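As structure tokens, the structure follows; a few thoughts come after it.
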Amino acid sequence: MVFVFLFDLISLCMTDSRSIHLTTNNSISFLFMAEQYSIVYMCHILSIHSSVDGHKGCFHVLAIASRAAVNIVGSWEKRILKSLNSMCTELSIPLARKRPVGEQKELLNKWNEMGTDEPDLSLFRPVYAPKDFLEVLINLRNPNYENGDSHSFRTHLGLIQVPLKVKDIPELKEFFVELGLTAGQLGIDDSTQVPPELFENEHVRIGQKVLSEQDSAAAQQYIRQGSPTALRAELWALILNISSQPEDILYYEQLKTNVIQHDLLVDSLIYKDVKLTASNDDYYFVFEDYLYQVLLCFSRDTSVLGHFAYNSASPPKSYIRGKLGLEEYAVFYPPNGVIPFHGFSMYVAPLCFLYHEPSKLYQIFREMYVRFFFRLHSISSHPSGIVSLCLLFETLLQTYLPQLFYHLREIGAQPLRISFKWMVRAFSGYLATDQLLLLWDRILGYNSLEILAVLAAAVFAFRAVNLMEVTSLAAAEAVLADLSTLKVMPLLQIFLFATVT
């Protein structure tokens, strides 16, 4: 079933066919109406017609086609759009508008100082938070699955009730073999107690050689043991195949131009999220300007739409009235198809420590998103998808720390309710930045997000003694409230290779 939102088009003055195009690989990737097109949307659910200020209204439709195979995915997408639509209606603000010339000049002048701007965002709210998404995952069921089909899954007592194949400890040991106790690791063997000639110096030398040869595959293998701080930015760019060519810089500038010329509702959601998260973080508040620049441009980038080809989600579409379903009259909204949620800006924030040139920072984030981060807020059966990560985390705890798992379950403190927020943000905002970057080294090195679930289980194992004494969810959350002092690599090594058999 197609879920439809209808919007009155207040004014559509079409006196010329000219429009602004952003092109990628010689194809039109984005279109905004130019000077002769004045487009402003006002939200009215199931409206029939409108006439405002003497202009005849015509409908635009924000629609999303849910995939029949997974009804709950469509229901979740409908819920997101309903939240966005309600915000438009309640606040009487447009989905998109062209900025007046004066406003364009003002924004351009303060582009590098947007963090000093204090817009009134009190009436805006995040479209959804991770805890809302978790409730959706908890309600997932496979209609083709019968409880009797699998004895092993029938005994699963966690919140995730979708029988997916996840790795057990022996398989994880084999997959993460380079993290073993006998292998050198940055994050362990570069501490002040370890002489640098035992590992660090040689590891740096090899890293420099990998960079000199510009071998992406070698860089990915190398980074499994961690990246030296001085080489990380170049190594990540090499692995992600990012290079700052003139056309890449021009592309970023085109996206920036679209931000300057057009105001979107999602811009306010981005501002709100940065203010609620990164701006209040001791590590990331200094990067507020970078976050606005990257995320506002990201919302306009239609090349991001490509990831929907292997994503179960569907990007929202806007149609002209009477043209529903006719793709030639459709425009994605927002242009990149991604509606930001609470905490979304934390995917960008750690990258600001590595990249200080906006276009390079933008390219790195976009590639990290379409390779990895989108899987953390979309529903799929992929091994690195958030459903599989949740199931892997619960399976590890139930199998290898059963006493702790059952204790927390009995007191109403299901472990996933605590760890979910860590995993959905890839631990950004929870770990100290140096530890987070070591963790993300391994995500890139193994081309997998499964290490997030392993680390989440390792954190519970590390705090197990304290957790066995709690008697409520609130008390369990208090024990695990501060992860900023944890060391990632020792936790992973101990959990995978030292204590669990």
Side-chain angles (χ1 to χ4, degrees), residues 1-3 62-84 126-145 150 153 156 158-167 269 304-317 332-334 336-344 346-347 368-395 414-428 443 447-453 456:
M1 180 179 179
V2 177
F3 193 66
L62 189 59
I64 192 157
S66 62
R67 300 190 178 189
V70 190
N71 291 332
I72 198 163
V73 176
S75 299
W76 173 239
E77 292 170 347
K78 293 175 186 180
R79 179 177 170 182
I80 294 173
L81 293 186
K82 183 176 181 180
S83 177
L84 189 65
V127 175
Y128 69 94
K131 64 180 181 179
D132 303 315
F133 188 41
L134 175 59
E135 295 304 318
V136 175
L137 302 188
I138 291 172
N139 289 310
L140 282 174
R141 297 292 185 274
N142 183 349
N144 299 318
Y145 170 77
S150 170
F153 193 78
H156 180 74
L159 295 176
I160 301 301
Q161 294 298 311
V162 181
L164 300 174
K165 175 68 173 73
V166 295
K167 293 182 176 70
L269 299 181
V304 178
L305 290 167
H307 86 279
F308 284 101
Y310 45 92
N311 185 350
S312 62
S314 305
K317 287 183 179 179
F332 292 112
Y333 184 91
N336 68 349
V338 180
I339 298 175
F341 59 90
H342 180 58
F344 191 84
M346 297 304 288
Y347 291 144
M368 288 287 286
Y369 179 82
V370 299
R371 287 198 190 193
F372 302 111
F373 296 148
F374 83 91
R375 297 194 185 280
L376 298 175
H377 64 92
S378 58
I379 300 172
S380 77
S381 60
H382 192 278
S384 285
I386 191 62
V387 182
S388 294
L389 298 185
C390 290
L391 184 57
L392 175 59
F393 164 76
E394 290 191 318
T395 301
Q414 279 277 11
L416 184 59
R417 293 198 180 276
I418 300 173
S419 66
F420 184 77
K421 59 182 178 290
W422 307 337
M423 293 189 290
V424 83
R425 276 175 34 177
F427 281 88
S428 179
I443 290 175
N447 195 35
S448 169
L449 292 167
E450 290 166 296
I451 201 166
L452 299 177

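From a predicted model like this one, the values you see are computed outputs, not experimental measurements.
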Applying side-chain contact (heavy atoms from CB on, under 4.5 Å), run through Ile160 and Leu140 and close with a yes or a no. CA-CA 7 Å; Ile160 301 301; Leu140 282 174; over 6 Å; no
If the test is ring pair (Phe, Tyr, Trp, His ring centres under 6.0 Å), which one of Phe420, Phe133, Tyr369, Tyr128 qualifies with His377?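 For His377, the ring pair (Phe, Tyr, Trp, His ring centres under 6.0 Å) check succeeds only for Tyr369.
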Do Phe373 and Met346 pass the side-chain contact (heavy atoms from CB on, under 4.5 Å) test, and can you show the C-alpha distance, the side-chain angles, and the key distance before you say yes or no? CA-CA 11 Å; Phe373 296 148; Met346 297 304 288; over 6 Å; no
Are any non-hydrogen side-chain atoms of [X] and [Y] less than 4.5 angstrom apart?
X      : Y      : value
Leu84  : Leu269 : yes
Val162 : Leu391 : no
Ile339 : Leu81  : yes
Phe341 : Asp132 : no

Kindly determine whether Leu137 and Trp76 satisfy side-chain contact (heavy atoms from CB on, under 4.5 Å), including the steps that lead there. CA-CA 10 Å; Leu137 302 188; Trp76 173 239; over 6 Å; no
Gap between atom [atom2] of [Y] and atom [atom1] of [X] - 0.5 Å precision:
X      : Y      : atom1 : atom2 : value
Phe374 : Met368 : CZ    : CE    : 13.0 Å
Leu134 : Ser419 : CG    : OG    : 8.5 Å
Phe393 : Trp422 : CZ    : CH2   : 6.5 Å
Asn447 : Phe372 : CG    : CZ    : 4.5 Å
Ser428 : Leu376 : OG    : CG    : 11.0 Å
His307 : Arg371 : NE2   : CZ    : 14.5 Å

Closest non-hydrogen atom pair between [X] and [Y], with its separation:
X      : Y      : value
Gly337 : Pro316 : O-CD, 3.8 Å
Asn139 : Glu135 : ND2-O, 2.9 Å
Met423 : Ala453 : SD-CA, 3.8 Å

Looking at residues at least two apart in the chain, or sitting in another chain, which of them share a side chain to side chain donor-acceptor pair (under 3.5 Å) with Ser378? Asn311
Any donor and acceptor pair, going by atom type alone, linking the side chain of Glu394 with main-chain N or O of Leu159 inside 3.5 Å?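 Yes.
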Distance-only criterion, 3.5 Å: show the donor-acceptor pairs between side-chain atoms of residues 380-387 and protein atoms not counting sequence neighbours.
| from | atom 1 | to | atom 2 | distance (Å) |
| --- | --- | --- | --- | --- |
| Ser380 | OG | His382 | N | 3.3 |
| His382 | ND1 | Ser384 | N | 2.9 |
| Ser384 | OG | Leu449 | N | 3.0 |

